[in-house]
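Please read the structure below before turning to the comments.
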Amino acid sequence: MDYKQQVAAALSDAVDGALSTEDIYNKIERPKDSKMGDYAFPAFVLAKVLKKAPQQIATDLIEKIDQSKFEKIQAVGPYVNFFLDKAIFSSDVLSQVIKAGASYGDNDSGEGGNVPIDLSSPNIAKPISMGHLRSTVIGNSISEILKKNGYNPIKDNHLGDWGTQFGKLIVAYKKWGVEEDVKKDPITNLVKYYVRFHKEDVDQPELDDEAREWFKKLEDGDKEATRLWTWFREESLKSFNAIYEKLGVEFDTFNGEAFYNDKMQEGIDWLKKMGLLKESQGAQVVDLEKYNLNPALILKSDGASLYITRDIATAIYRDKTYKPAMNLYVVGSEQTYYFQQLKAVLLEMGLPSAKELHHIPFGLITVNGKKLSTRSGRIILLDEVLDDSINMAKKQISEKNPDLPNKDEVAKQVGVGAIIFGDLKNERTNSIDFNLEDQLRFEGETGPYVQYSHARAESILRKAGDTEINADNTIMTDPEAWDTIKTLADFPATVIEAKEEFEPSDIAKYAIRLAKTFNKYYAHSKILEEDDEKSARLALVKSVSVVLKESLRLLGVQAPDQM
RNA sequence: GUCGCAAUAGCUCAGCUGGAUAGAGCAACGGUCUUCUAAACCGUAGGUCGAGGGUUCGAAUCUCUCUUGCGACACCA
């Protein structure tokens, strides 16, 4: 039931058509403080039409409004404040949550539409850093959020397994590489060669020519180049998968750039057929002047492909394979301009899904204000941060709850949860200057705080045993209970909002808000006390537990029952 | 240089389509564990919302100018 609609209807009747119900609906707001009611209507908007002072209008309105459906309605200054009938509202919300369980907040607005999502996308032969964390966990969360909104997301780890850097890597390996070292610790050693390459090519520019040659060989299917490439790729994937497992992220496809290597011609032919390709300084470009963008370079002057060539192939492939409702790319905000160009090219080509291509940018992770870079060795390894966090969680458990069963498993859930939640709680596009201390904080508005709140709720439910949980008769007198119930009621709208903005932080902030209001309730009420309201209180605790767990799930964070 | 994004408490950030005294967390100071997990709760202190103009009954929010920071600007991804 839409209670805001009920408020709008009541107002609409009282103003005699001075304002449409829809206009009224849009003007209704939520007071910051519960003491000022559950919904409020600012009378300013009527001042002009009625030529009266807003305070007067507010006072007049409460005389005319049918108050029977509300607990009370008050005029406070220029506002009309509505107080909902708590018993009806509470029973309504709690019985909905308990009946629906984890599917509370589900909607089917996505109509089952396919949504390929580009996420994570680490580069072969390079370590997974904190930078990749963002794409991985944001993409993973958006995938869960889309599912909850009725879409069918397809998570594609668009591996950086192609490109000129492989020419460089092959050259470096052939010059300085040791097979045993790579087998022992692939990423570390491959990176070592790569970094050395970039040191030496400053004085020996001919190295870059060699690298270009080797990449061309790779593109042409040369045997040795292919063998080395395959090997580097396999070793790298092994080490990536260990990290993905720790994070609890799974993918549907691993269609990296190499996958599209033999699919680029179709896009090029398409562009040619439509007369979109033009020669410019020896290279092939698409003019994008009508989009107010610089020309997009499609083929290098030596005929080799570029990032965009493969992305065009990707878009065509996805279009054909999935008939996507949306096509998403979770990639850093530094590539915003590039994605504008890509979308413009695809629009020019008339690709059906081009209109629904969305770049989902996120802010940069820096260290002391400087960009991370494998070449310069300025890098924070995700795996190390995760392990630090897990160890921190272990320490906390041995201090606070030494008798906890399966400590290691819980430490992993809490430690990893802290890192994921920490990344997702702020707006995507904010840039982050990395600070390990901040990452390992488990107090205040953090993942562990939300997990802890959930664990407390579960603990109460365990203690309650098989006491009846009854949501039908929920007369609860504590004001904290009322705030919690109202927050529970906000969940479905939050799920929609998060989908529309592609913004996991909406869910994370919601989870904090719910945890906070529940903790307040917990601190002020004796839930297991034997009285008439006990089963209603348990209904509230059960509902909180369900919705907290579901919120965390949407973020890709586990919710242990004890911690 | 051009374009884009940002600027809110000591630090990290919220602030919904403009609305009631600008809010959290951390850090600081003080209080609450014989009773459901103190990873919690309660309180104190802390602000010219980068600067200046404009629109409006009303601006942190919309608009313009400026300052500062970050990013992007064709043969990398």
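In the text below, chain A, chain B and the rest are named by the order of the sequence lines, each starting its count at 1.
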Contact under 4.0 Å: A:Arg513 side-chain N or O vs B:A14 OP1/OP2
no
First encountered from the 5' end of RNA chain B, between A:Ser459 and A:Pro78
A:Pro78
Of the nucleotides B:C42, B:A74, B:A72, which one has an atom closest to the side chain of A:His524?
B:C42
Any donor-acceptor pair under 3.5 Å between the side chain of A:Ser280 and the base of B:A74?
yes
State whether A:Lys300 places a side-chain N or O below 4.0 Å from either non-bridging phosphate oxygen (OP1 or OP2) of B:A74.
no
So that I can tick it off, tell me whether A:Lys278 and A:Asp287 are bridged by a salt bridge, with the cut-off set at under 4.0 angstrom between side-chain N and carboxylate O.
no
From the candidates B:C36, B:C26, B:C42, the one with an atom nearest any side-chain atom of A:Lys463 is B:C36
With a 4.0 Å cutoff (strictly under), does any side-chain N or O of A:Lys425 reach OP1 or OP2 of B:U12?
no
Record whether the side chain of A:Asn81 comes under 3.5 Å of the base of B:A20 through a donor-acceptor pair of N or O atoms.
yes
Does atom CD (A:Glu289) have a neighbourhood of more than 12 heavy atoms from anything else shown, all under 6.0 Å?
no
Can you tell me, in whole Å, how much space there is between the P of B:U34 and that of B:A28?
25 Å
Hey, does the side chain of A:Arg456 come within less than 4.0 Å of B:A38's phosphate (OP1/OP2), counting only N and O?
yes
On the 0 to 90° scale, with breaks at 30° and 60°, tag the A:Phe166-A:Trp229 ring pair as parallel, tilted or perpendicular.
perpendicular
Phosphate oxygens OP1/OP2 of B:A39: is one of them under 4.0 Å from a side-chain N or O of A:Lys400?
yes
B:C57, OP1 or OP2 - any side-chain N/O from A:Lys48 closer than 4.0 Å?
yes
